[in-house]
Each structure stands twice: as C-alpha cells, then as structure tokens.
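Structure record follows, encoded as structure tokens.
Proteins come first, then strands; the chains are lettered A, B, ... in the order of their sequence lines, and each starts at number 1.
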2 protein chains.
Amino acid sequence: MSSKSINNCVLKAREEEIMDTALEIITAQGIAGLTIDKVAAKIPYSKGTIYNHFTCKEDLLTGLCNRSVENLYNLFYHAASFDGCSREKILAIGYAYMLHALLNPTEFMLVISAKTPSIGEKSSEKRREEHLHLEGKLLENILHVISEGLTSGDFKLQSHLSPAQVAFALWSMCFGTIVLLHESLDRCSVRTEMELERELINHANLMLDGLNWKPYTQEHDWAGTLKKYKTELFADEVRQLKRLQNK
Amino acid sequence: MSSKSINNCVLKAREEEIMDTALEIITAQGIAGLTIDKVAAKIPYSKGTIYNHFTCKEDLLTGLCNRSVENLYNLFYHAASFDGCSREKILAIGYAYMLHALLNPTEFMLVISAKTPSIGEKSSEKRREEHLHLEGKLLENILHVISEGLTSGDFKLQSHLSPAQVAFALWSMCFGTIVLLHESLDRCSVRTEMELERELINHANLMLDGLNWKPYTQEHDWAGTLKKYKTELFADEVRQLKRLQNK
DNA sequence: CATTATTGTTGACGAATCGTCAAAATATCT
DNA sequence: AGATATTTTGACGATTCGTCAACAATAATG
C-alpha cells in the first residue's frame, strides 16, 4: 500500500517530465515535429515507458492541454479576486485569458488542436473526460462573478438568458478573438490592423454593454482599470510577457 | 498557348477530383485517416501526379479549406441581399456562417485545422496567400452591410471603433461560438445545455445591442426574422440541413 | 539468504506512411 | 517517322508509429 503510493508519486513526476520534454520539442519544432522517439531520447526512460503513461501521441498532447487549462483556472481565480466592481472582475477574466494565451503560446495552440478531431478522437477516454471536467471548472469562475453582478444589481438577466448562457457568451467571444488574433497561429487577413489587447477589450465591452452590465463603457475609466490589471492584479504576468516579447 | 489553356483546364478539373476524393476520405475516416496513397487508389492517377498539384498532404488540406471559404463567401453575399433592415442583414450573415458550418462539418473543421501551425506551416506559400485573400473577401461582405447601416442611420460608430473593427468583432464572436458548439468538434463541457442556433443569435444580438445597432433586441420581432431566414433567404440550405440531420 | 513471483522497462521489429526520382509513357514538334 | 519535351508512374529509402518478447528490478516466500 505504501509502496503503491510511492509508486504513484514517482509515476506522476515522470509524467511531468515527459510532458515538459514534449513541450520543449513542440516549442522548438512544432506539433508536427513531436515524436515519441525524440521525447524518449531526451529523458532517461525508453519509448515503451512513455507508452505506459500515454496511449498515443495524441493522448500526450491532450495531457499537455489539460495541464495548461489547470494553469488557466488559477489565473481566472486570481482575476475574480480583483478589487473592484463586478464588471471589472469579468473583464479581468477576459484579460487573464488573453495573458495566458500570450504567455503560453505553445500550450494555447494545443488547446485548439485538442478540439480538432484528429487529436481529440484518438486521445484516451480518461483524458478527454478530464478535459471536460477542467473546462467546467473554468466556467465556474465566470459564473461566480456573474452571480456577484446579479446580487449587487450591476446587471439584470434578460428573461431569455440563463447565467450559464451569459458565461458561455463571454467565454466564446474571448476565445474567438484570441484564436483569430493569436500570433502563433496563422494570422488572419485583417490581423495587420488589429491588435489583440485592444480588440479583446473592445469586444468584451460591446457584449457587456449589450448585457446592460454597469457601468457602461462610456461611464467608467476603463483605461484606468486596464492599467490596474497591468500594474497590480497581473503585474507578474505582464512583466513575464514583456521579457518574453523582448527576446 | 491554346494547348496551355486546355492543359490548365484539365489540370483544374483533376485538382477538383483530387480534392473531392480527399474530402470523401476525411469525412469517412477523419483527417488522420487521410493518406495520399488512399487518394491515389481512388482516382485514375498516381501518387506522383497528386504531388504535382499539392506540395504535401497539408497543402491539400489548405486547398480544401480554401474551396470551402469560397462557398462561404457566396453564402455571405446572399445573406447581405436579405430584404430588410441593416441589422437583419448582418444577423443573416452570422446565420449563414452557422448554416455553412452545419452543412459542411468536415470542411468547417478543416478551416480550424488550417489555422493550426502543424498544418498551416507546411502548406505552400501560394495556398496560404490565397487563404488570406479569401478571408479578406469574406470581410468585405460584412463591411458592406456595416456601411449600409451607417448611411441609413441604423447605428453610429463609437468614436474608438473603425468599421473594420466592428466587422472583426462580429466575425470573431460568431467564429468562437460556432467552434465551441460545433458537433463535429470535441464538445465542450457546457455543450449539453447549449444549442448552437439559439446561442449564436443571442451572442450576435448582445453585441449588436452593445453597438447600439437598431432596432434593439427588444424592439423587433427577431423570431419572425429568423423564420424568414429559414423559409425564404436560406430555404434551400435549411432543407438540405434537415435532410442531413435525418440521416 | 536463495528462490520464486510480480512488476516494470527496454529497444528491436513489422506495418504504415511520407515524399522523391529515375525510368516509362505520352504528347508535341520538325 | 524520328527527335524532343512533357507528364506520369510506382518502387524506394527514410521516418515514425505502437507492440511485445525478452530482460531487469523489486517484493514475497520458504
């Protein structure tokens, strides 16, 4: 029994090592450049052992994707703790989403790839379920801020919308914007004129105005709020990002 | 010279044949199941000939993707001809986007895959440029309706937004919603409670309200407009879709 | 401690796929 | 017809995948 739990701990560490190495390779050579043999060559274990942890290459990719979503969860959690009104909190979550995508381009890219059938279909059931579970946890953060906004009276639910629908609207809007403006992905045609941070804030504000979530875009100093995100709430992350972009 | 143009015509037809066959295989066996050898086995030409048309498998996928965007362009064009106010036209474009994704799930999936570096990176420069060009043409349709809305006074540009930014906001919002709720892709965790058509209309209306694009959601019979889309503007497409879903 | 049982690890192997290219087939020109 | 240019072909070497029989390490037993 104790031997078992020691084993689990060792196994977990090895799984992390495999994933770290895989991420290195993907960052350097792209998803297509990832090979189980290459991973095996970089760690003190063999190919067979890797296949004891992951059923196939795609399963490994989904594993990486899930680890990334866990980190995103923590960032959302932190965003929801912003010291301000509910609309500032919800916008902070959108901003956190963007920061995460910029700070971890490789992993963000993996989230999209994992939604692609060629990868999703082949992953193990276990990891696919884990992925759904993690996405659900992500949404909980948004739902929490929504209920805060409702109780504080900052906005009212339109009769035809549930809190989950509002959360999903905000999420999918951010997702679409980030995907289409993400540097790591094939730039879309209008990209040259578009700047991710500015557009994300614009889109979010448009939708929040549409929800009548107060204070409206025109009634509040959102540039000031944005500055607070950068200098207070996500000071660390923004610093990291600057370092990354100067390289 | 005449021989050249005959050749081009023949070559074009063969390219279509290759793409049709590839699409069949992908529909049946997924992107991962697509193999150049399998395509060659289904057409009266050999592998080498396929490589005369497409530099690699990924290039073929991007080719399929582009063909799909061309069809989408036509659908957008048709949507913009809706006999109604500008907001009804812009909503029609969003609806057309959804119809296209539902009618051509395989191809829509390819559009996402093509944005993924593992595919995008390896495609030929020629086809990637073509892709950007086609996306630009898509946006033109939206921009046209936006300028119509502006001249008719249905909405006014907020000072910090350009027409292109408005077009991009609507596009990325639709894109995010469709991707996350698309059946062919890995269903996201909240999917069970969400229904694509309903959410797409909701999201679009939220953003259009945020833009102050009149008439507002509450001031107009949008259910009636939706019915018109289904029975008039896109009667053919909706019929096709029903047939597809009954199978 | 020696022996057996169990569990974990390895890397050589067959199968599948990729993209190439020299040779064969076909078309064009004189 | 014969020479030349173009197109097509499919066998080939190179990769990569995932498996599995053999091997090593550890635990259990007498």
Starting from P on C:dG8, measure out to CD on A:Glu15 and report it in whole angstrom. 14 Å
Looking only at heavy atoms, the pair that brings B:Leu60 and B:Ala22 closest together is CD2-CB, 3.9 Å
B:His53 NE2 to D:dT9 P: how many Å, rounded? 10 Å
Separation of C:dA16 atom P from B:Asp37 atom CG, nearest Å, is 11 Å
Nearest-Å distance for atom pair CD1/C1', residues B:Ile36 and D:dT15: 16 Å
Short question: side chain of A:Lys57, backbone of A:Leu34 - any donor-acceptor pair under 3.5 Å? yes
To the nearest Å, how far apart are A:Leu61 CG and D:dC17 P? 10 Å
Between the protein and nucleotides 10-15 of chain C, which nitrogen or oxygen pairs are less than 3.5 angstrom apart?
{"from": "C:dT10", "atom 1": "OP2", "to": "A:Ser46", "atom 2": "N", "distance (Å)": "2.8"}
{"from": "C:dT10", "atom 1": "OP2", "to": "A:Ser46", "atom 2": "OG", "distance (Å)": "3.2"}
{"from": "C:dT10", "atom 1": "OP2", "to": "A:Thr49", "atom 2": "OG1", "distance (Å)": "2.8"}
{"from": "C:dT10", "atom 1": "O5'", "to": "A:Ser46", "atom 2": "OG", "distance (Å)": "3.3"}

Scan B:Ile50 against the nucleic acid and name what it touches under 4.0 Å (heavy atoms): base, sugar-phosphate only, or nothing. nothing
Minimum-distance nucleotide (side-chain atoms of A:Arg14 versus C:dT17, D:dC17, C:dT9): C:dT9
Whole-Å distance, A:Leu11 CG to C:dG8 P, equals 8 Å
Specify whether B:Tyr97 and B:Phe76 have parallel, tilted or perpendicular ring planes, treating 30° as the upper limit for parallel and 60° as the lower limit for perpendicular. perpendicular
For A:Lys57 and D:dT16, is the shortest distance between a side-chain N/O and OP1 or OP2 below 4.0 Å? no
Quick check: closest heavy atoms across A:Ser68 and A:His100, and the distance to 0.1 Å? OG-CE1, 3.2 Å
Which pairs would a plain distance check flag for residues 39-52 of chain B, meaning a side-chain donor or acceptor within less than 3.5 Å of a matching protein atom at least two apart in sequence or in another chain?
{"from": "B:Lys42", "atom 1": "NZ", "to": "B:Glu24", "atom 2": "OE1", "distance (Å)": "3.1"}
{"from": "B:Lys47", "atom 1": "NZ", "to": "B:Asp37", "atom 2": "OD1", "distance (Å)": "3.3"}
{"from": "B:Lys47", "atom 1": "NZ", "to": "B:Asp37", "atom 2": "OD2", "distance (Å)": "3.4"}

To the nearest angstrom, how far is B:Ile43 atom CD1 from D:dT9 atom C1'? 12 Å
What's the verdict on side chain to side chain contact (heavy atoms under 4.5 Å, CB included) for A:Leu61 and A:Ser123, showing C-alpha distance, side-chain angles and the deciding distance? CA-CA 8 Å; A:Leu61 291 173; A:Ser123 295; over 6 Å; no
Roughly how many Å is it from CG in A:Leu34 to C1' in D:dG18, rounded to a whole number? 15 Å
Before we go on, tell me: are the rings of A:Phe234 and A:His78 under 6.0 Å apart, centre to centre? yes
